[in-house]
Each structure stands twice: as C-alpha cells, then as structure tokens.
Amino acid sequence: MKNVLVTGGAGFIGSNYVRMALERHPDWHVIVFDKLTYAGNPDNLKDISHAFAGRYSFVAGDIADREAVFGVIQTSNVSHIINFAADTHVDRSLMEPGQFIMTDVYGTYVLLEAAREFKISRFHQISTDEVYGDIAAPGRSSEEDKLHGSSPYSASKAGGDLMCLAYFRSFGVPVTITRGTNNIGPFQYPEKVVPVFITNAIDNLPLPMYGDGRQMRDYQFVMDHCDGIDIVVERGTPGQIYNVGSGVETANIDLAHEILRLLGKPQSLIRPVSDRPGHDRRYAVDNTKIRALGWQPANTFQESIAKTVEWYVANEWWWRKIKTGEYLEYYKKQYGGRELPAK
Ligand code: NAD
Ligand code: DAU
C-alpha cells in the first residue's frame with residue numbers, strides 16, 4: 001500500500017481527484033489533510049468516506065502548521081504528497097492578500113520541508129496557468145515562459161512553484177508541477193464564475209459580468225484536469241512542469257449565453273458590473289508536453305458545461321446550504337454597488 005497525502009482534498013478539484021485516485025489505484029491509501037476553510041466541505045467527500053472506508057482517512061489541519069504536517073506524515077508513513085491546498089479565489093486575494101501568502105507560499109514551503117525530511121518519493125504541486133499572466137492571441141504559454149502573476153493569488157502560486165523548483169534543485173526533492181487552466185464541474189464553490197452564473201440563473205438572479213465580458217479562459221472539465229494530474233504523478237519526470245488545459249478558449253460572455261441557453265433562462269439576466277482590478281484578458285496554454293505523456297481531454301467545452309449545469313440542477317442540496325449566512329455577506333461585499341448601466 002502507498003500512503004498518499006492529499007492536501008486540500010476537501011475542496012473542489014481535490015475531492016474530485018481523491019474519488020478518481022481511489023478508483024484507479026487499489027494500492028493507495030489516501031489521507032486527506034485539509035484545514036476546512038470556507039471552501040473546504042466535508043459534503044464533497046461524503047460518498048468517498050462510505051465507498052472507500054478502509055483506504056481513506058481524513059485529518060483536519062493547516063499546511064502552514066509544521067507540527068501538524070510533520071505529525072501526519074510520520075504517523076501515516078506517507079510516501080507521496082499531492083498538494084491541492086491553497087487559497088484560490090482571485091477576487092478574495094484582492095480583498096485580503098495575506099492569507100494567500102500564508103497558505104500558497106509558506107504552506108507549500110512547510111510541505112516541502114516535510115518532503116525533504118521524510119524522503120518522500122514524490123511531491124506533486126497543483127499550480128495554475130495564472131502564473132504566466134495573460135497572453136495575447138494567438139500566443140500560448142509554455143512551461144518555460146517567464147512568470148507574470150497579476151493578482152496576489154497568482155503571485156502567491158508563482159511563489160509556491162518557485163519554492164518547489166528550488167527544493168528540487170537544491171535538495172533533490174522529487175517535485176513535479178502541473179499548471180491547470182480553469183476547471184468546471186461538480187462541487188465548485190459558488191464564488192467562481194461558472195457556479196455563480198449557474199446557481200444565480202436557476203434562481204432568476206443577475207449574472208454579474210466583469211467589464212466587457214470578452215476575457216478568454218480555457219474552461220476544462222475537472223475530471224480531465226484530474227486525469228492530467230494523475231498521469232504526471234505516475235509518469236512525470238521530477239523537476240518538470242506540465243501545463244494541463246484543453247487548448248480551447250471561451251469568452252465569458254459566450255459562457256454566460258451558453259449557461260442561460262442550457263437552463264432555458266433569458267439572456268437579459270446578464271448584468272455588466274465594474275471590472276476586476278488587474279483583470280487578465282486571456283489565458284491559453286500550450287499542452288504539447290502533457291499530451292506527450294498520453295493525456296488528452298475526454299470532454300469538449302460543450303460537454304463540460306452541459307455536465308456542469310446538469311450537476312448543479314440535480315444537486316441543490318449541496319449548494320443551497322452554502323449560499324446562506326457568511327456567503328451572502330461575501331456576495332454583498334464583492335458585488336454590491338458594482339452594477340453598470342446595461343448596454
Ligand atoms: P478550493 O478553494 O475549492 O479548495 C481549496 C481547499 O484547500 C479547501 O478544501 C480548503 O479547505 C483547503 N485549504 C485552504 N487553505 C488550507 C491550508 N492552509 N491548509 C490545509 N488546507 C487548506 O480550490 P480548488 O479550485 O479545488 O483548487 C485546488 C488547487 O488547484 C489550488 O492549488 C488551485 O490553485 C489549483 N487550481 C485551481 C484551478 C481552478 O480552476 N479552480 C485551476 C488551476 C489550478
Ligand atoms: O486559470 C486558472 C484559475 O482559474 C485558477 O488558478 C483559480 O484558482 C480559479 O479561481 C480561476 O481563476 P479565474 O479568475 O480565471 O476564475 P473566476 O471564476 O474567478 O473568473 C473567471 C472569469 O470570469 C474571469 O475572467 C473573471 C470573470 N468573472 C468572474 C466572476 C466571479 C465574471 O465576469 N463575473 C464573476 O462574477
């Protein structure tokens with residue numbers, strides 16, 4: 001049995017990955033280590049704790065807490081660390097950057113220290129295409145490009161990546177990094193654009209569209225991203241970075257049109273709001289390197305968005321209880337007073 005520590009496994013991508021990993025690797029025991037911030041949700045792992053009871057365990061903890069991290073790795077005899085734990089929302093990083101530095105940079109450092117101390121066989125870092133900054137069409141960011149993070153979130157993720165590469169070069173920690181594009185799918189907290197738009201549309205509420213809505217993102221299905229991560233954990237070369245993205249970009253305004261079409265709601269729900277400060281115009285990655293490892297996306301954009309809409313329609317039990325209390329306060333702070341006159 002391999003004891004695999006999945007940090008941030010109670011979040012959106014982490015929980016989808018844990019489900020995939022337990023199905024794919026009968027010789028893995030997965031230990032989820034998660035601080036359960038507002039974005040960490042035991043409901044995301046509910047089915048897993050039943051289906052894989054003998055090969056799955058959960059430990060509550062902070063990756064920036066050295067004692068807790070060293071403790072779990074030692075007591076569980078961990079051989080692999082897969083780090084999803086992060087503060088992840090760009091808009092929140094503009095409100096409160098400090099926590100992003102604590103988790104995404106310092107927390108990554110603590111995990112790397114543990115990997116070094118306990119001679120971990122593989123440390124895999126989940127990173128993002130946002131570290132490259134935006135890129136004008138028809139360009140695509142490649143793994144060798146310079147880092148140009150625009151927000152405190154992307155700058156913190158870039159800091160985490162650089163720390164990983166430094167621990168590989170200086171101390172020989174067997175690190176791999178994947179840089180994924182925007183994920184969509186089940187269990188995404190309704191602060192990111194797709195679940196905000198879907199859940200608002202279901203309730204006939206406005207869809208807040210930043211700026212002119214012409215920003216481009218590569219919206220890939222979360223299971224395709226998880227597949228890429230798993231391939232790199234298994235077959236990636238230590239010291240290497242791999243972009244994971246479908247290679248297809250969609251403008252936010254077209255994304256909103258498609259969500260409303262799928263839900264049978266009026267396009268008039270789209271409401272322009274003032275733009276995000278420092279908003280990156282376009283992300284697009286070159287995915288040649290991960291394709292050479294045998295990866296390819298299984299879902300088109302159309303399939304990904306349709307499956308995502310279907311999931312939110314069928315799982316109101318999951319998101320309705322999130323969209324209360326603290327969430328509503330965040331929503332007011334984030335969107336209040338930003339509406340622009342309709343064009
Ligand atoms: P998420 O916000 O849904 O989940 C993050 C998880 O990390 C939560 O369970 C949270 O409780 C946990 N966490 C936060 N701080 C922690 C800490 N200090 N110690 C332990 N656990 C902590 O995030 P996500 O969208 O699933 O993203 C997961 C990873 O993938 C992140 O590293 C993110 O940067 C990266 N990523 C995300 C996307 C995307 O589109 N969502 C794309 C590319 C890369
Ligand atoms: O590119 C990968 C990144 O994708 C991940 O590293 C981040 O963790 C993840 O949050 C995501 O970042 P984005 O900033 O691209 O995602 P977000 O869903 O916040 O926004 C997507 C686009 O939609 C972006 O151009 C801003 C716009 N937007 C967003 C929100 C929340 C809106 O127009 N309205 C909104 O209400």
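The structure presented is a predicted model; accordingly, all values stated were derived computationally and were not measured. Numbers for residues simply follow the sequence, beginning at 1. What's counted below: heavy atoms across the whole structure, side chains too, no hydrogens, waters or symmetry copies. When a ligand or atom number is given, it counts from 1 through the structure's own listing order.
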Of the options V244, T128, I126, D161, which is the one that meets R179 in a side chain to side chain contact (heavy atoms under 4.5 Å, CB included)?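 Among V244, T128, I126, D161, the one meeting side chain to side chain contact (heavy atoms under 4.5 Å, CB included) with R179 is D161.
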At a non-hydrogen distance cut-off of under 4.0 Å, which region of [X] contacts ligand 1 (side chain, backbone, both, or neither)?
X    : value
S127 : backbone
D104 : neither
K157 : side chain
F100 : neither
T181 : backbone

Single hit among N83, T103, T108 for side-chain hydrogen bond (donor to acceptor under 3.5 Å, both in side chains) with T7: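 Per the side-chain hydrogen bond (donor to acceptor under 3.5 Å, both in side chains) rule, the option paired with T7 is N83, out of N83, T103, T108.
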Among protein heavy atoms, which lies nearest [atom], and at what distance?
atom                    : value
atom 25 (O) of ligand 2 : H279 NE2, 2.7 Å
atom 3 (C) of ligand 2  : E130 OE2, 3.1 Å
atom 5 (C) of ligand 1  : A86 O, 3.6 Å
atom 32 (C) of ligand 2 : Y210 CG, 3.4 Å

Could you say whether the N/O atoms of V194 and ligand 2 ever approach to under 3.5 Å?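 Among all N and O atoms of V194, none is under 3.5 Å from an N or O of ligand 2.
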N/O separation below 3.5 Å, R217 to ligand 2: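 The answer is yes, given that R217 and ligand 2 share an N or O pair closer than 3.5 Å.
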Proximity winner for [atom], if only heavy atoms of [options] are counted:
atom                    : options              : value
atom 11 (O) of ligand 1 : I63, D34, I126       : D34
atom 33 (C) of ligand 1 : F33, Y106, F84, Y153 : Y153
atom 10 (C) of ligand 1 : V193, N16, T37       : T37
atom 41 (N) of ligand 1 : T88, I13, V131, I229 : I13

Taking only heavy atoms of [X], which atoms of ligand 2 are found under 4.0 Å from at least one of them?
X    : result
M209 : 33 (O)
H89  : 19 (O)
D129 : 1 (O), 2 (C)
Q215 : 25 (O)
N252 : 22 (C), 23 (O), 24 (C), 25 (O), 27 (C)
P208 : 32 (C), 33 (O), 34 (N), 35 (C), 36 (O)

Should [X] and [Y] count as an ion pair when the cut-off is N to O under 4.0 Å?
X    : Y    : result
K35  : D62  : yes
E329 : K332 : no
R24  : D227 : yes

When you compare ligand 1 with G11, is there at least one nitrogen or oxygen pair between them that comes in under 3.5 angstrom?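 Yes; the residue has a nitrogen or oxygen that sits under 3.5 Å from a nitrogen or oxygen of the ligand.
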Please report whether ligand 1 has a polar contact with K35, defined as an N or O pair separated by less than 3.5 Å (distance criterion only).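 Such a contact does occur with ligand 1.
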So, do [X] and [Y] have ring centers that fall under 6.0 Å from each other?
X    : Y    : result
F301 : F221 : no
Y38  : Y327 : no
F12  : Y189 : no

Heavy-atom closest contact (A256 atom, L207 atom, distance):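 The pair with the smallest heavy-atom distance is CB-CD2, 4.2 Å.
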Please could you name the atoms of ligand 1 that N182 approaches to less than 4.0 Å, counting only its heavy atoms?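 This gives 40 (O) as the contact atoms.
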